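Comments concern the structure below.
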There are 2 protein chains.
Amino acid sequence: MKCRVCGKPANINLRSYKTALCEEDFIAFLEKRVSATIGKYRLIDEADRPIVAVSGGKDSLSLWYMMNKLGYVSDGIYIDLGIEGYSERSLEKVRQMADTLRRRVYVFHVRNALQKGIDGVARVIRRPTCSACGTIKRYIMNRVCIDKGYTVLATGHNLDDEASALFGNVLYWKREYLWKKNVVLEGRGEHLVKKIKPFFLCSEREIAAYAIMKGIDYIYEECPYSEGAKTLVYKEMLNRIEESSPGTKIMFVKGYLKMLKEKGDEKEDGRESRYCLRCGYPTFSDKCSFCWLLDKFGTEYDVEFDQYN
Amino acid sequence: MKCRVCGKPANINLRSYKTALCEEDFIAFLEKRVSATIGKYRLIDEADRPIVAVSGGKDSLSLWYMMNKLGYVSDGIYIDLGIEGYSERSLEKVRQMADTLRRRVYVFHVRNALQKGIDGVARVIRRPTCSACGTIKRYIMNRVCIDKGYTVLATGHNLDDEASALFGNVLYWKREYLWKKNVVLEGRGEHLVKKIKPFFLCSEREIAAYAIMKGIDYIYEECPYSEGAKTLVYKEMLNRIEESSPGTKIMFVKGYLKMLKEKGDEKEDGRESRYCLRCGYPTFSDKCSFCWLLDKFGTEYDVEFDQYN
């Protein structure tokens, strides 16, 4: 196999693009796609101050690295879930990257706020661990932007994440979620920051290849709570279809985006916009789920961030 | 495992219904579901004369058998595709069932009409075999109803068929097909007969069990042209999801039906209804695809049916 661009031996075969590329040309190819995604979907304006949600995994660290390389100067936000060993090892990777990029990273420690790790928090509020984690992450990532003046939050969600989540939403026709996914989710004034997914059209495999080629040191372990997650089953299945029909995942996600665009405003759910009386976060009642959580713990704690660099 | 109804040893475990049943109670359970489907979706009126499209496989023969057993007296229509060996063996199973039920079956021989089997026909018109087969089947099944006075055409499509086809339509967002599937497709005057799928909510496994318990002698071979069909890949995958989350297939299909109902008339494609100038079959041009096919073969042939019983 030879590189389609320069003719040197190819390092990666991209069947869905019917091409094969050497390391150098693959890196250029992927960066160009991300750049085009940012441009086409207007993810970042010139006046924006973006921040990247980093977990220590390949997707978020590659995104943080690539955004800075592409000229979108960005800091990072890391949430330490207090999972023994795993959280420390992840934070270490994040710190390394912060040093490489010479960018700041904010760190929120769940254990400082609630005196428990995420599993303990979940037990107290009687929710699945991933549900408690989602509530805290969504809140804190938004909060760091509001508190520290960032205007765009970028997450490392990739094509496989989006396709498998979309797949689950279609399989059970979860209409409250089905038309809510997008490359960009607009913010709401002082309450909610704009969220973007620059890797929306990049597969997990492509990002892993990019991370390896760029020598990005990321944490290989999956989150110990992700085991048995349905999305992993969906990912595997979509990859099997991809194997026999290359390009299916990207067609699935792009086809969805096209339908979404045509649907336009129809996707509004008609519920009134309300904001938490305590902190201003969007909610459907008087109190947002994070403040509700703080109450459950009887804590007067106000959100604080550690700062690295 | 004991039968949930009578306590005798169970013959089949239905995880999606969280139940296990003995042979007798399973048969009653499945027949009741089909009966309820026919009632709920108004598939058959008292004044109707139904006919069943039979292939010799487990689904269509079980449907033909069950409909007659449930009091919906029905004849059959078999299309002999001229696939050497396979077509003869299939017809033999159909004849056996016709004798058991003492009902008539009409037989249309592709080879009599076009002097070729379905593979030869496909080659002449440069279409995939399954595409040529679909064109002929849809036309002939409708035609037998128009010519012989049947008012409803029942096909043996089961839950797995519908879920996998729906899955393919969603995966590629085939909007021209996506909202066209239903338990019942209404007819159009003298041109198009009403089509129904009484097994829409019965899984392949349930129907196979029914056929075996009832001693229905069907053809086990798959159509030789079905190999490698994408729907088989989708079926296998949906069954894997079903394995880990019993009930998924039926939720997927029922959720779809619910959305479809709410969409209502929105699904019209806006194209004007037109009919073939030669035979009256619905078409979007002057000539339907079957008459176009006859022209390709330069034949003046008019559709004829053999009759058995």
Side-chain angles (χ1 to χ4, degrees), chain A residues 16 128 159-160 162-179 181-182 201 203 226-267 269-270, chain B residues 16 128 159-160 162-179 181-182 201 203 226-267 269-270:
Chain A
S16 59
L159 178 64
D160 296 58
E162 297 304 310
S164 64
L166 187 54
F167 181 81
N169 289 344
V170 165
L171 202 55
Y172 297 100
W173 298 103
K174 290 190 184 166
R175 300 168 60 183
E176 65 278 29
Y177 301 117
L178 187 53
W179 303 111
K181 294 206 150 294
N182 209 336
L201 301 176
S203 74
S226 73
E227 208 181 314
K230 272 189 186 175
T231 48
L232 293 183
V233 179
Y234 302 158
K235 276 188 187 178
E236 193 202 319
M237 292 198 336
L238 286 167
N239 279 332
R240 283 194 52 199
I241 301 182
E242 182 76 22
E243 191 69 35
S244 62
S245 308
T248 296
K249 275 188 293 196
I250 201 135
M251 283 174 70
F252 179 47
V253 166
K254 280 193 165 173
Y256 164 78
L257 290 176
K258 203 174 153 219
M259 282 197 78
L260 189 66
K261 206 175 163 188
E262 289 170 20
K263 279 180 84 74
D265 294 334
E266 199 194 313
K267 62 185 181 291
D269 68 1
Chain B
S16 58
L159 178 63
D160 296 58
E162 296 305 309
S164 63
L166 187 54
F167 181 81
N169 290 344
V170 166
L171 201 55
Y172 298 99
W173 298 102
K174 291 190 184 166
R175 302 167 58 182
E176 67 277 29
Y177 301 117
L178 187 54
W179 304 111
K181 296 208 149 292
N182 209 336
L201 302 175
S203 74
S226 72
E227 209 181 314
K230 273 189 186 177
T231 49
L232 294 183
V233 179
Y234 301 157
K235 276 188 188 180
E236 194 202 318
M237 292 197 337
L238 288 166
N239 279 332
R240 284 195 51 197
I241 301 181
E242 182 75 23
E243 192 68 35
S244 62
S245 308
T248 296
K249 275 188 294 197
I250 201 137
M251 283 174 70
F252 179 47
V253 165
K254 279 192 166 174
Y256 164 79
L257 289 176
K258 202 174 154 220
M259 282 198 78
L260 189 66
K261 206 175 164 190
E262 289 171 21
K263 279 180 82 77
D265 294 333
E266 199 193 313
K267 63 186 181 291
D269 66 3

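Note on naming: letters A, B, ... go to the chains in the order of the sequence lines (proteins, then strands), and numbering restarts at 1 for each one. Just so it is clear, the model here is predicted, and its values are computed rather than measured.
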Close side-chain approach of V170(A) and F252(B), heavy atoms under 4.5 Å: yes

Over all heavy atoms of both residues, which pair between S245(B) and Y172(A) is shortest? Give the atoms and the distance, please. CB-OH, 3.7 Å

Rounded at 0.5 Å granularity, tell me how far CG in L238(A) sits from CE in M237(B). 6.5 Å

Heavy-atom distance under 4.5 Å between the side chains of W173(B) and L257(A), does that happen here? no

Side chain from CB out, backbone as N, CA, C, O: work out which of these in Y256(A) comes under 4.5 Å of a heavy atom of chain B, or both, or neither. both

Tell me if the NZ atom of K254(B) is crowded by more than 12 foreign heavy atoms within 6.0 Å. no

With rounding to the nearest 0.5 angstrom, report the CG to NZ distance, L171(A) to K249(B). 11.5 Å

